[in-house]
Structure formats: C-alpha cells, structure tokens
2 protein chains.
Amino acid sequence: MESILEDLEQAEGLAALQSASEEIRDHYGVDHVVYHWVDSAGDQYGCGTYSDVWRDRYLEQNYLRVDPVILGCFQRFHPVDWKRLDWSSKPARTFQAEAIAHGVGNQGFSVPIRGPNGQFALFTVSHSCDDDMWATWTDAHRRDLILIAHTFNEKALEFEPDRAPEQSQALSPREVDAMTFLAMGYSRAQVADTLSISEHTLRVYIESARFKLGAMNTTHAVARAMSRGLIVV
Amino acid sequence: MESILEDLEQAEGLAALQSASEEIRDHYGVDHVVYHWVDSAGDQYGCGTYSDVWRDRYLEQNYLRVDPVILGCFQRFHPVDWKRLDWSSKPARTFQAEAIAHGVGNQGFSVPIRGPNGQFALFTVSHSCDDDMWATWTDAHRRDLILIAHTFNEKALEFEPDRAPEQSQALSPREVDAMTFLAMGYSRAQVADTLSISEHTLRVYIESARFKLGAMNTTHAVARAMSRGLIVV
DNA sequence: TGCCGCCTCACTATTTCTGGGGAGTAGAAA
DNA sequence: TTTCTACTCCCCAGAAATAGTGAGGCGGCA
C-alpha cells in the first residue's frame, strides 16, 4: 500500500499513470483498475487496464450517458459497490451484458472524486468473483482505495494542461460585493440597495469588474469570477 | 488512527461529530480541528474546536468572503498548508491577525472536499508551532487527514441531506448548452445563432433552466448551474 | 506634491432581457 | 394508448442592462 502510493506520487506523465494502474491491479490481485475523468462538457480521459476494444467501444457508443456507474456516482459522495447502483433500465442492462462480455468483471467498486470547477472522476476496481468474496475484499481495502483514488486524481489534475491558472487581476472589495450579490440572483437595484449605494455607482463597479475579468457582460463576469474563485457563492 | 475512523463512522448526529473533532484534536495533540461546510447558497455550517467567540465573530463579519483558506482551497484539489496560501491582501492580513488572537494558531493544514451538486467543505487542523515542526507533522499525517476529512464529510452529508439537494433537477442537454454559452459571455442572440435555433426557442430553455434551478434571473441561473457542477466553463 | 486606484454620484440613448401569452412535433415512458 | 418531456417557433409590452460621457473626494505611494 505504502509503496503504491509512493510510486503514484512520483509518477510523471500519463504513461506512468497507466503503469501505476497495472501495478495496483497486480498488487491487489483484481481483474481491472481504471481511472476515468469526465467533465460535464462531455470530454473524457481515462487510463487503466480495460482492453482497448472495450475502451473504444465505450467511447464510440457514448456509454458515458448510459453507464450506471457514472450516473450513479455523479450523484453520490460515498464510494459505491456496483451492486447498489440502478441497473434496471433497458440500456443499462444492455451495457452491463456487453461490459461483462468484454471481461470487465461482474463485481465492481467505484470511488467518485471531485475537483475544482466541476471536475469529476471515478476510480474503479472490478473483478470476477462471488458476492461474499467481493464484500470481504472491498471491506478490507476501502480506505486504501479512497487514498489511491485521491492520489490518482491529484496526478491527473497535475498533468492536465487545461489548469493554466490565468493570472487574473484581483477585484476590489466593492467589486467582489457586487459580483457576489449578482451571483446570488439580486438585480442591480437590489444589490445597490443592499450595499446602500446608488445604482449608478453599482454600475461602475460592475463595469470595472467586467473590464478586469475580460468579460463581455455581467453574466460572463460573474461566471469568470466564480470559476477563478474570486467570489464564493 | 483506526479507532478514530471507526468512531467517526459510528457517529450519529451532529453532536457526535463535535466530540469526534475533539477526539481527533486530542489524539494528534494539535490545537484545533475544524470541519467547515460551505453551501452554494452561501449558507455555512461547521463544527470543531474553535472558540464560540471566534466562530460567532467569523459568521458575523462574514469572513467567508475574506478567509484565504476558503478562497485558496476553493480553487484547489490538493490539501494545502496555510503558508502556501495568499495572505497578502489587507483584509486577509487583518483576518489573520484576528484569527491568531483568537487562538487559532499560526500553522494550519486544510483538506478541501467536494460532494455532488457543488457541495464544498473544508477539514482543517491548526496549531501553534514553528515551521519545521509543522512540516514534519503534516508530512507524517497527511494521508490520515485525507481519510478523516473524507469520512467527516460523509457523515456531514448523511446528517444534513437537506443541505445540498434543492431537488437538484438535472438540466436537459439544450438547457446545458444554453447555460454554458451564456456563462461564456455570449448574448442570447449569439447563443441562439451558435445553437442554430431561434432566439425565442433559446429563451424557453433559459426560462426552463431558471425555473429548474430556482433562479431569479439568467445570471443567477448560470451561477447556480456552475456551483452545482451542471456546467463547466 | 502629484499620481493612481477606489468609492461615490449623474445623464442620455440604445440594446437586451424578462414575463406573460399560445402552438405544434417527436420520442420515450407508463 | 395516453401522457409526459424535450424541442421548436411566434407576439408584445415593460423592465433591466449597456455604452458612452461626465464629476469630486479619499487614501496610499513615491
């Protein structure tokens, strides 16, 4: 366990994550170990020990929108055993049958992980065995898996070039106030009233913030302020 | 460590979390252990070992919008040492001085945690000691803290099911498109053009999304969609 | 002292958004 | 089959936001 985390922490590049997942698989003696990054924009990225055929099929069929593991974990915080997910819909059952046929295994355990800006990922371990055996195994390694999932995601975020933290100009306190109340749904009149200033003044702040944030309108400015963590709503 | 996690997992009710944080504090011999939940509506909830005076002061002054620990962790995935945060702004320095005066401690380590629907929380340990001592301590217990933070949040979500889900109704694909482009700064006309639909139709989506999100206007709807992780910009 | 950023207030004209209403199609679920 | 949701289109009047311009006072910094 210790050595796995250390190898993971020292991993450099996506190829290293690939071999890390193989190492984890061998260490725990399970069939598959997979890390799957999804963002709500629909982009995905993954690495792990599933066969290329299955991975390509998954992408090609856009199973992201069907896979009960994704759908179920997206609404949860807890790591979850696949048995507790909802496999009842027809597309889900089709998907399940196909997954098993591709060697995914009849048992699975997935840890949902979330990062800033709505980033979402899954760390999954799957295996073929009976229910009792799987329950014993997951019970014994649940904590390990949480830590591994966390470290895995830490690395994936690190390698994601997307995270270029655009050095943004700080907003003045009044500008922060303005953006915050706007994000809370107040109209300009209400914000001005709340801050006890004239609406004209408020407008100056909004325009100033919009300029600093390089935004085209108020909604854009609020969105940028939020995604840069300049306001907390 | 094991016993702490087990006690935490068996905790029932918020009072038990309160005493769990005291147990963690005593076990690790630090000054404070705090769990702090921040809601997409701006509501907060916390439990831990800070003094009542400091907690009330924090709420009363709305330090949520100033606290560099909140602002910094909100943009990160990694657990972070307080020294690495940005304390340079004047309000931040005022806040820092006051926090230390209230016995918070000059060192701190915070683990950001995220759940479904944009839920965000912090698990923080703080202490008074020199830098080397703190570095040694955090290095030794980093993994423990991640697991404890995870379990703590699991419990908090369990006890407060009403906090996150404002019936977090999912948006339809077109609604997601609309919210996404609006968050990117497009005007309604531009979004309609981009999606190749009439502006009238677009407006239906926006209103529908606004209704589903319980938002008062477009800006509010976009802000909520973002903080609930329904769109990524 | 002069410069700069921040906070405050004002006017006008134009564009955009909001909140009512109504209506038809397709496909999935019950 | 019926019912429901998602998607598409349309009108209008009033409210709100935007783009320009302007001003003066306060505090920090060099």
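Residue numbering restarts at 1 for every chain, and letters A, B, ... go by the order of the sequence lines.
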In 5'-to-3' order, the base (B), backbone-only (S) or no-contact (-) status of each nucleotide in nucleotides 23-30 of chain C, using a 4.0 angstrom heavy-atom cut-off, is --------
5'-most to 3'-most nt of DNA chain D touching chain A (<4.0 Å, heavy-atom partner on protein side) reads D:dA17 to D:dG20
A correct 5'-to-3' footprint of nucleotides 6-12 of chain C, with B, S and - meaning base, sugar-phosphate only and no protein heavy atom under 4.0 Å, is SSBBSBB
Residues passing the ring pair (Phe, Tyr, Trp, His ring centres under 6.0 Å) test with B:His127, sequence neighbours excluded, are none
### Any side-chain donor near an acceptor of the partner, A:Thr49 and A:His32, under 3.5 Å
yes
Contacts of A:Trp82 meeting side-chain hydrogen bond (donor to acceptor under 3.5 Å, both in side chains) (sequence neighbours excluded), chain-then-number -> A:Ser110
Rounded to whole Å, the CD-P distance (A:Gln190 to C:dT18) equals 14 Å
When rounded to whole Å, the CD to P distance for the pair B:Glu207 and C:dG19 reads 7 Å
Residues at least two apart in sequence or cross-chain that pass ring pair (Phe, Tyr, Trp, His ring centres under 6.0 Å) with B:Phe152, listed by chain then number, are B:Tyr35, B:Phe123
Contacts of B:Asp177 meeting salt bridge (Lys or Arg N to Asp or Glu O under 4.0 Å) (sequence neighbours excluded), chain-then-number -> B:Arg174
Sequence neighbours excluded, the answer for side-chain hydrogen bond (donor to acceptor under 3.5 Å, both in side chains) partners of A:Asp131 is A:Gln107
> Between C:dT18 and B:Thr218, is there an OP1 or OP2 to side-chain N/O distance shorter than 4.0 Å?
Replying inline: yes
Residues passing the ring pair (Phe, Tyr, Trp, His ring centres under 6.0 Å) test with A:His220, sequence neighbours excluded, are none
Taken to the nearest whole Å, CG/B:Leu182 to P/C:dT16 is 14 Å
Residues at least two apart in sequence or cross-chain that pass salt bridge (Lys or Arg N to Asp or Glu O under 4.0 Å) with B:Asp193, listed by chain then number, are none
Output a table of donor-acceptor pairs, distance under 3.5 Å, between side-chain atoms of residues 93-102 of chain B and any protein atom two or more places apart or on a different chain; print 'none' if there are none.
{"from": "B:Arg93", "atom 1": "NH1", "to": "B:Ser88", "atom 2": "O", "distance (Å)": "2.6"}
{"from": "B:Thr94", "atom 1": "OG1", "to": "B:Lys90", "atom 2": "O", "distance (Å)": "2.9"}
{"from": "B:Glu98", "atom 1": "OE1", "to": "B:Tyr63", "atom 2": "OH", "distance (Å)": "2.5"}
{"from": "B:Glu98", "atom 1": "OE2", "to": "B:Arg57", "atom 2": "NE", "distance (Å)": "2.3"}
{"from": "B:Glu98", "atom 1": "OE2", "to": "B:Arg57", "atom 2": "NH2", "distance (Å)": "3.4"}
{"from": "B:His102", "atom 1": "ND1", "to": "B:Glu98", "atom 2": "O", "distance (Å)": "2.9"}

For B:Thr194, the side chain to side chain contact (heavy atoms under 4.5 Å, CB included) test, sequence neighbours excluded, returns B:Phe181, B:Tyr186
